Amino acid sequence: MKLWGGRFTKPTNELVDEYTASIRFDQKLAKYDIQGSLAHVEMLAKCGIIPESDAKTIAKGLKVVGQKILAGEAELTEANEDIHMNVEKLLIDEIGPVGGKLHTGRSRNDQVALDMRLYLREALVTLSQQLVEVQQALFTQAKDNLDTVLPGYTHLQRAQPVLFAHHMMAYVFMFQRDVERLADSFKRVNQSPLGAGALAGTSFPIDRHFVAEKLNFDGICDNSLDAVSDRDFVIEFLSNASLVSAHLSRLCEELVQWSSAEFNFVELDDAFCTGSSMMPQKKNPDVAELVRGKTGRVYGHLIGMLTTLKGLPLAYNKDMQEDKEGMFDTVETLKGALALFAPMIETMDVKKENMYQAVAKDYSNATDLADYLVGKDLPFRDAHAVVGQVVLHCINEGKFLLDLSLEQFQTFSTLIDKDIYDVLSPKAVVNARNVAGGTAKNRVEEQMTKAEKLFENNSAWIEVHANKIEAFSFED
Ligand code: ARG
């Protein structure tokens, strides 16, 4: 007999059970479901809705059920559809009919919204922590490469030299926005929907705030219809996760390029590469490729959930059960990628000399020759044209700017003097970008000082929020 079997005269078709059941995937919510139920049952007794002694029996039973599920000792069945009804069934098996009092004043609709939020807020803290570790790895590489010059690219053509530290810091700031987005979204996740009932609230004199406080929520969802219908927080997470994936993927692409023989700028540690079953010489950047590849599934989950929610009338609809697999998979996908990323970056060998050669044997100092002429009062547009001529001459001669003699320079412009050689050296070119946020060494150092302050904020946020989550447990 189903928990809701009273008004039915026939058993459910087996295919229906299989098709509609979510227990296959929502068993991930077991821990949160039980945490939520413990708070709910305590509230029921406190409000005089069920006797204190029943609440104690139920709480004890819930903890046993929770431990059994986590130990893999409980039988979870599709006949019982989802984690909520499986837990209730196991509870009744454990403590008898008094277990049937647990669901007083509650619906699976507010219950599942609660579980999702409890799950996600924990994931937000874990992912933030992992992002911070990736930032730290990038920061360390920046610190070690404050004198490493490499070509900066636009259109994947060498453009102007930059410090490798500057390049690493670009990703540090990208991931900083990710951390801040996750932290900001936490406020919207951390609101308790419990007490919304099926959709309209409940006739029992419950105390929603008590439950919210017990579970360390920041507040309660203000409108019961919204509380059970809202999956914005899932979409917001998937959207934020998509940006994390985009950032990881861009960095992955650079790692793949940089580790190719064509670039030869970095070597990824053997521990983070794999070989070919056929070609003995191969060392493939599989991790970077796979992280890049998994971006597709994360974006897919975002589009999937946006589409599922579109056009759903209020309040709960079974469609919303589709919120889970994409969210779980996204969390797991990011956790897996981030866990590998920090050590992969940390152990990456930066081939400073190769990077330097790519700058020295190139025309990426051409802008600086133009800027030099501007310094001698030539309008920038004219300077641009002169330098274009110089570069063309060099290309034809198989030379670089610094290979030209002063006489040769002066055939293009008499404004050029012998101090041009200092101006055009890679180091000078980099340090000339002495503007806030620029690639000059002192400006990159400024960025790093700023980042260290941001790291402190991140750590403080993580500490406060990790405590919120760890503050309760159903284990005795
Ligand atoms: N398994 C359901 C879900 O994940 C729980 C809520 C079901 N509510 C209902 N009235 N059928 O969405």
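Numbering of ligands and ligand atoms starts at 1, following listing order. Because the structure is predicted, anything quoted here is derived from the model rather than measured.
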S.K.: Suppose we measure from atom 7 (C) of ligand 1 to each protein heavy atom; which comes out shortest, and what is that distance?
M.R.: Y316 OH, 3.5 Å
S.K.: Can you name the atoms of ligand 1, numbered from 1 with element, that are less than 4.0 Å from a heavy atom of H84?
M.R.: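 Those atoms are 5 (C).
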S.K.: How far is atom 11 (N) of ligand 1 from the closest protein heavy atom, and which atom is that?
M.R.: R108 NH2, 3.4 Å
S.K.: Could you check whether K450 and Q447, counting side-chain N and O atoms only, form a donor-acceptor pair closer than 3.5 Å?
M.R.: no
S.K.: For ligand 1, does Q111 get within less than 4.0 Å through its side chain, its backbone, both, or neither, judged by non-hydrogen atoms?
M.R.: neither
S.K.: Is the closest basic N to carboxylate O distance between K46 and D207 below 4.0 Å?
M.R.: yes
S.K.: Quick one: nearest non-hydrogen protein atom to atom 4 (O) of ligand 1, plus distance?
M.R.: K324 NZ, 2.5 Å
S.K.: State the atoms of ligand 1, each with its element, that fall below the 4.0 Å cut-off from a heavy-atom position in S22.
M.R.: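 Close to S22: 1 (N).
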S.K.: Are S245 and R297 close enough that a side-chain donor and a side-chain acceptor fall under 3.5 Å?
M.R.: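 There is no such pair between these side chains.
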S.K.: List the closest protein heavy-atom neighbour of atom 5 (C) of ligand 1: residue, atom name, distance to the nearest 0.1 Å.
M.R.: D82 OD2, 3.4 Å
S.K.: Starting from atom 10 (N) of ligand 1, what is the nearest protein heavy atom, named by residue and atom, and what distance separates them?
M.R.: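 The closest one turns out to be N109 OD1, 3.2 Å.
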S.K.: Does either side chain, that of T308 or that of D319, offer a donor lying less than 3.5 Å from an acceptor on the other one?
M.R.: no
S.K.: Polar contacts were defined as any N/O atom of the residue lying under 3.5 Å from an N/O atom of the ligand; does this apply to K318 and ligand 1?
M.R.: no
S.K.: At what distance, to the nearest 0.5 angstrom, does CG of N240 lie from CZ of R181?
M.R.: 6.0 Å
S.K.: Is it the case that the side chains of S229 and D226 hold a donor-acceptor pair, with the cut-off being a distance below 3.5 Å and no angle test?
M.R.: no
S.K.: May I ask you to identify the nearest protein heavy atom to atom 2 (C) of ligand 1, giving residue, atom name and distance to one decimal place in Å?
M.R.: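 Answer for atom 2 (C) of ligand 1: Q321 OE1, 3.3 Å.
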S.K.: Other residues, nucleotides and ligands only: do more than 12 of their heavy atoms fall within 6.0 Å of CZ on R250?
M.R.: no
